[in-house]
Amino acid sequence: EPNSTTGVEIFTSTRSDATWSAPVKFEITADTLSNYGHPAVSADGNYLYFSSDMPGGSGGYDLWRINLKERVGTLENIGQFINTEGNEMFPYFRSDSVMYFSSNGHPGFGGLDIFRAELTPSGGWKVENMMQPINSASDDFGITFAAGQEAGYFSSNRNDGRGYDHLFSFELPELQIW
């Protein structure tokens, strides 16, 4: 909206039959200056993960989470294993312990790269770059997988001189051990 005090906010809507309810702003904090975007619900449905530039982060945009059932007092930055001085965005969950996200703060090929993070028994995250051809020197982000498959889609502005984003499909090869 032209007079809005923030650039990006998260809204919810409920589907009933074939129609959606009017969008309602999802209140995370009373902060009206920060941006909140790229929402993703954890695989167990308990947490909403999102990207924000609100105070208390590592710099740029960080990934945060809030408990959807308790809400009050549950807002937390997901920490130093994931968040850097750069931007972390576009979280996506395949299971409760495997998250994908994009970052320009972790070592990569340039721009935003897609990373896979696995929750460790100690509560930290083991982060690994998805490498080429998933990542490129351009911005690569917004990965999603088809149910039960090692295939899906992601967004990238690679090979576009104007910088427009495009959808790419992928299929990860099966690991063969000799």
Side-chain angles (χ1 to χ4, degrees), residues 1 4-13 23-119 123-130 134-136 138-145 152-158 163-168:
E1 295 186 21
S4 177
T5 57
T6 187
V8 180
E9 297 173 332
I10 297 172
F11 285 78
T12 61
S13 186
V24 176
K25 183 178 173 185
F26 186 85
E27 293 290 343
I28 295 172
T29 69
D31 179 357
T32 60
L33 300 177
S34 298
N35 292 291
Y36 306 90
H38 313 132
V41 177
S42 62
D44 64 9
N46 289 328
Y47 289 92
L48 176 72
Y49 286 76
F50 60 94
S51 181
S52 179
D53 61 352
M54 71 177 126
S58 299
Y61 284 83
D62 278 9
L63 295 184
W64 298 76
R65 75 178 189 172
I66 190 167
N67 188 302
L68 288 170
K69 295 174 179 34
E70 298 172 26
R71 300 268 304 265
V72 176
T74 65
L75 178 64
E76 64 180 308
N77 183 296
I78 65 170
Q80 65 183 354
F81 294 102
I82 301 290
N83 294 318
T84 68
E85 292 179 2
N87 296 313
E88 283 67 48
M89 306 170 158
F90 303 99
Y92 173 81
F93 285 86
R94 288 199 72 190
S95 69
D96 288 335
S97 62
V98 177
M99 174 179 65
Y100 291 81
F101 67 97
S102 292
S103 173
N104 63 7
H106 288 275
F109 295 96
L112 291 170
D113 275 11
I114 298 173
F115 293 84
R116 180 183 188 275
E118 187 167 352
L119 193 59
W125 294 89
K126 177 185 173 195
V127 176
E128 58 186 342
N129 188 300
M130 290 293 293
I134 297 290
N135 288 315
S136 68
S138 299
D139 288 331
D140 307 297
F141 56 96
I143 196 167
T144 186
F145 286 80
Y153 300 91
F154 66 94
S155 303
S156 179
N157 61 5
R158 67 182 70 187
Y164 292 138
D165 299 330
H166 301 277
L167 292 178
F168 291 84

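When reading the values below, keep in mind they use all heavy atoms of this one structure, side chains included, and skip hydrogens, waters and symmetry mates. Throughout, residue positions are numbered sequentially from 1 according to the sequence presented.
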side-chain hydrogen bond (donor to acceptor under 3.5 Å, both in side chains) against [X], all qualifying residues, sequence neighbours excluded:
| X | result |
| --- | --- |
| Asp140 | Ser136, Ser156, Arg158 |
| Ser103 | Glu88 |
| Lys126 | none |
| Arg94 | Glu150 |

If every non-hydrogen atom of [X] is compared with every non-hydrogen atom of [Y], which pair is closest and at what distance?
| X | Y | result |
| --- | --- | --- |
| Thr84 | Asp62 | O-OD1, 3.7 Å |
| Ser51 | Met89 | OG-CG, 3.7 Å |
| Leu68 | Gly45 | CD1-O, 3.7 Å |
| Asp139 | Gly111 | OD1-CA, 3.2 Å |
| Gly57 | Asn77 | CA-ND2, 3.6 Å |
| Leu119 | Gly124 | CD1-O, 3.3 Å |

Note to self: A quick test of your reading: do over 12 heavy atoms of other residues, nucleotides or ligands sit less than 6.0 Å from OH of Tyr164?
What the structure shows: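 Atom OH in Tyr164 is not crowded, with 12 or fewer foreign heavy atoms closer than 6.0 Å.
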
Kindly write out the residues that satisfy side-chain contact (heavy atoms from CB on, under 4.5 Å) with [X], not counting sequence neighbours, or none if the list is empty.
| X | answer |
| --- | --- |
| Glu85 | none |
| Tyr153 | Thr144, Ser169 |
| Asp31 | Thr29, Leu33, Ser34, Tyr36, Met54, Pro55 |
| Glu70 | Asn67, Thr74 |

Sidechain-backbone polar pair: [X] side chain, [Y] backbone, donor-acceptor under 3.5 Å:
| X | Y | result |
| --- | --- | --- |
| Ser102 | Phe90 | no |
| Asn35 | Val8 | yes |
| Asn157 | Ser138 | no |

Quick one, [X] and [Y] - any side-chain contact, counting heavy atoms below 4.5 Å?
| X | Y | answer |
| --- | --- | --- |
| Phe154 | Met130 | no |
| Ile28 | Leu75 | yes |
| Gln80 | Ser58 | no |

Notebook entry, point to check: Do the two ring centres, one from Phe50 and one from Phe26, sit under 6.0 Å apart?
Noted result: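 No, ring centres 6.0 Å or more apart.
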
Margin query: Does Met99 form a side-chain contact (heavy atoms from CB on, under 4.5 Å) with Trp125? I'd like the steps, not just the answer.
Written below: CA-CA 9 Å; Met99 174 179 65; Trp125 294 89; 4.1 Å; yes

Margin query: In terms of relative ring orientation, are Phe145 and Tyr92 parallel, tilted or perpendicular, with 30° and 60° separating the classes?
Written below: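 Rings of Phe145 and Tyr92: parallel, under 30°.
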
Next item on the list: Would you check, one step at a time, whether the test side-chain contact (heavy atoms from CB on, under 4.5 Å) holds for Tyr49 with Phe101?
Entry: CA-CA 11 Å; Tyr49 286 76; Phe101 67 97; over 6 Å; no

Checklist line | Residue pairs involving residues 104-114 (criterion side chain to side chain donor-acceptor pair (under 3.5 Å); sequence neighbours excluded) | finding: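 Counting only pairs at least two positions apart or across chains, the side chain to side chain donor-acceptor pair (under 3.5 Å) contacts touching residues 104-114 are Asp113-Asn129.
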
Note to self: For residues 43-61, which residue pairs pass the salt bridge (charged side-chain N to carboxylate O under 4.0 Å, His left out) check, not counting sequence neighbours?
What the structure shows: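 Of all non-adjacent pairs touching residues 43-61, none passes salt bridge (charged side-chain N to carboxylate O under 4.0 Å, His left out).
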
Checklist line | All salt bridge (Lys or Arg N to Asp or Glu O under 4.0 Å) counterparts of Arg116, not counting sequence neighbours | finding: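 Partners of Arg116 by the salt bridge (Lys or Arg N to Asp or Glu O under 4.0 Å) criterion, ordered by chain and then number, come out as Glu118, Glu128.
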
Item checked: Those residues that, when tested against Phe81, pass ring-ring contact (aromatic ring centres under 6.0 Å, His included) (two or more places apart) ->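 By the ring-ring contact (aromatic ring centres under 6.0 Å, His included) rule, Phe81 matches no residue at all.
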
